[in-house]
There are 2 protein chains.
Amino acid sequence: MRVPRQVVEARRSRLTELLLERGYLPISELCEELGVSEATARRDLSALESEERITRTYGGALGEFNATFTSFRERLRHGTEAKAGIARAAAALVKPGMQVYLDAGTTAFAIAQELRRHLPERLTIITNNLALLETLGSLPGAKTIVLGGQLLERQSVLLGNEAVKAAAAQEIDLAFLSAQGMTDTGLWNSQRDIIRLQQAVMKRATRSCFCLDRSKLGRTAPEHLGAWTRVGTLISDLSFPELRQAGITLKPGTLLNSQP
Amino acid sequence: MRVPRQVVEARRSRLTELLLERGYLPISELCEELGVSEATARRDLSALESEERITRTYGGALGEFNATFTSFRERLRHGTEAKAGIARAAAALVKPGMQVYLDAGTTAFAIAQELRRHLPERLTIITNNLALLETLGSLPGAKTIVLGGQLLERQSVLLGNEAVKAAAAQEIDLAFLSAQGMTDTGLWNSQRDIIRLQQAVMKRATRSCFCLDRSKLGRTAPEHLGAWTRVGTLISDLSFPELRQAGITLKPGTLLNSQP
DNA sequence: CCCTATATGATTGAAGTCAATCATTTGCTG
DNA sequence: CAGCAAATGATTGACTTCAATCATATAGGG
């Protein structure tokens, strides 16, 4: 029997809520919970899936919860092998007892995963990248500090004045930072707030490492982050000659080449 | 053919990693990814499931990622109807343009879900409860601020000096707080760090609402949070006479009764 | 070096899932 | 109020998943 449109919509949003809360539900439980037949539950699922509000699986469905986090993982997965190499080179710099800052971005995610594999003792990790917390929260023996800030819509980063202020109060041995582009005039990033935070971190960090793979070469972004003179270390899959060809000449010892 | 124990273990931990990264994977992809037959993949899955390192589903498996968050959801689900009533009463106090603080705990989670349903305009939400961010991050038109702090192992809360300092710099119209127990001598909570943060928040909040359901009545906890004189509003499913019977006498207007 | 316990892949039957189809009921529009 | 469009539940057959069983190969202990 036909039922008011509004009832259908209500049921479907209840379904998304349920999945959001529970993460995963098999069809059978969905039917019971919603009080509808299997056929209707399936119809709801395929409707919601085409709106990309949920993800169907064989036998049930997943909530599109932490859409930001999962898209993060997606991006990382499509990220080149280069990123994994950079992460390895970066993680190798981390020694026991250090206080390490990890930036926003997927490179930091890769570094965190690498650190999970080979975890130095008494590590303190400082970050504003919420996507890392699932990875870092369960590390035994490591301390994780989150700088505060405003949650960026559709992203999993905290930014703003709170973040800058909190960064200025930290002691950082080693900061891993990333950027969206590099040219002969320096590094570029998309948002002013990100740059402000990065600059605050660099001021407090004994050593600042920028991690950029070759896809960033020659690209710019709306905001200028800083000149090459401010870069302590560059970790990249690019070689010295390749960089010079693009007009970038680094002081010796600045470039750290990652293995592929 | 039999294979070294170490190989099996390596494959299984790779499997957990994969699920951790991708959230969900169907059996077929697992076989391909691990290079084993379906039978072996299933055996791995049931082994890991019995160790509670993953969750099996019909047709695949879920990573036990953000175990903290999911256990959060579990707890919330088992939470009584009372909690939902309290959340409704709490959310009704929130008016457009307010800056609202949400505490750690599942009650705050329930309030956040309620706010998502009926979202006042220009809302600012301040919290240290990371479990809320999935819910609050996608709210259009609302601003979410996270106080910094140290990530508590096996929980999704940020605490410590950073948190207290950040709280002291906030302007809060309405704070929703919870506690683990209430007796005639006041409110109780488990950890000193939580209490320090709550006290800092109360100092900055125009109005502080404590949300406690009847299961908390008569219970204590290791640390004393404060006397009843410091409670601005109590939202509960308990009635005035019930409280008085337990030796708790509130000033008129302090108790806000939630509908069941 | 031998023996056994263990890991693996293939097979199989039972059980579960899915999309399509159809009849029925009922909201909504003209 | 009449007719159409939409929503629902039941049914069906194709397909998938699952656990159990079995044969085989080999790691690891004595």
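Since we're looking at a predicted model, the values are computed, not measured. Per chain, numbering begins at 1; letters A, B, ... match sequence-line order.
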ask   = Quick one: is R56(A) getting a side-chain N or O under 4.0 Å of the dA19(C) phosphate, OP1 or OP2?
value = yes

request  = From the options dA10(D), dA19(D), dA10(C), select the nucleotide whose nearest atom is closest to the side chain of A39(A).
outcome  = dA10(D)

inquiry  = With a 4.0 Å cutoff (strictly under), does any side-chain N or O of R11(A) reach OP1 or OP2 of dT8(D)?
reply    = yes

request  = Send over the distance from Q6(B) CD to dG28(D) P, rounded to a whole Å.
outcome  = 8 Å

query = Is any side-chain heavy atom of L25(B) less than 4.5 Å from a side-chain heavy atom of E33(B)?
reply = no

ask   = Using a distance-only test with no angle check, is there a side-chain donor-acceptor pair under 3.5 angstrom linking D213(A) and S215(A)?
value = yes

inquiry  = In the structure I gave you, are the side-chain heavy atoms of F109(A) and L132(A) within less than 4.5 Å of one another anywhere?
reply    = yes

note = In whole angstroms, the gap separating P of dG16(C) from CD of E29(A) amounts to 15 Å

key: Of the listed nucleotides dC18(D), dC28(C), dA7(D), the one nearest the side chain of P4(A)   = dC28(C)

query = Between dT8(D), dG9(C), dC15(D), which one does the side chain of Y58(A) approach most closely?
reply = dC15(D)

note = Between CD1 of I27(A) and P of dT16(D) the distance, given in whole Å, is 17 Å

task = On DNA chain C, check which nucleotide each of P26(A) and V3(B) is closest to and give me the residue with the more 5' one.
result = V3(B)

note = Assign each of V36(B) and M1(A) the nucleotide of DNA chain C bearing its closest heavy atom; nearer the 5' end lies the nucleotide of V36(B)

request  = Report yes if the side chains of I145(A) and L151(B) come closer than 4.5 Å at any heavy-atom pair, otherwise no.
outcome  = no

query = dG9(C) base to R43(B) side chain: any donor-acceptor pair below 3.5 Å?
reply = yes

request  = Verify the contact: side-chain N or O of S37(A) to OP1 or OP2 of dT8(D), cut-off strictly under 4.0 Å; return yes or no.
outcome  = no

request  = Name the nucleic acid region contacted by V7(A), choosing base, sugar-phosphate or nothing; use a 4.0 angstrom heavy-atom cut-off, strictly under.
outcome  = nothing

request  = May I ask you to say what T57(A) touches in the nucleic acid, namely base, sugar-phosphate or nothing, with a heavy-atom cut-off under 4.0 Å?
outcome  = sugar-phosphate

inquiry  = Expressed as a whole number of angstroms, how long is the span from D44(B):CG to dT6(C):P?
reply    = 16 Å

task = Classify the side chain of R5(B) versus the base of dA7(C) as yes if they form a donor-acceptor pair under 3.5 Å and no if they do not.
result = no

remark   = To the nearest angstrom, the CD-C1' distance between E38(A) and dT17(C) comes to 7 Å

Side-chain donor-acceptor pair present, E242(B), S239(B), cut-off under 3.5 Å = yes

inquiry  = Quick check for you: among dG9(D), dT8(C), dC28(C), whose closest atom lies nearest to any side-chain atom of R2(A)?
reply    = dC28(C)

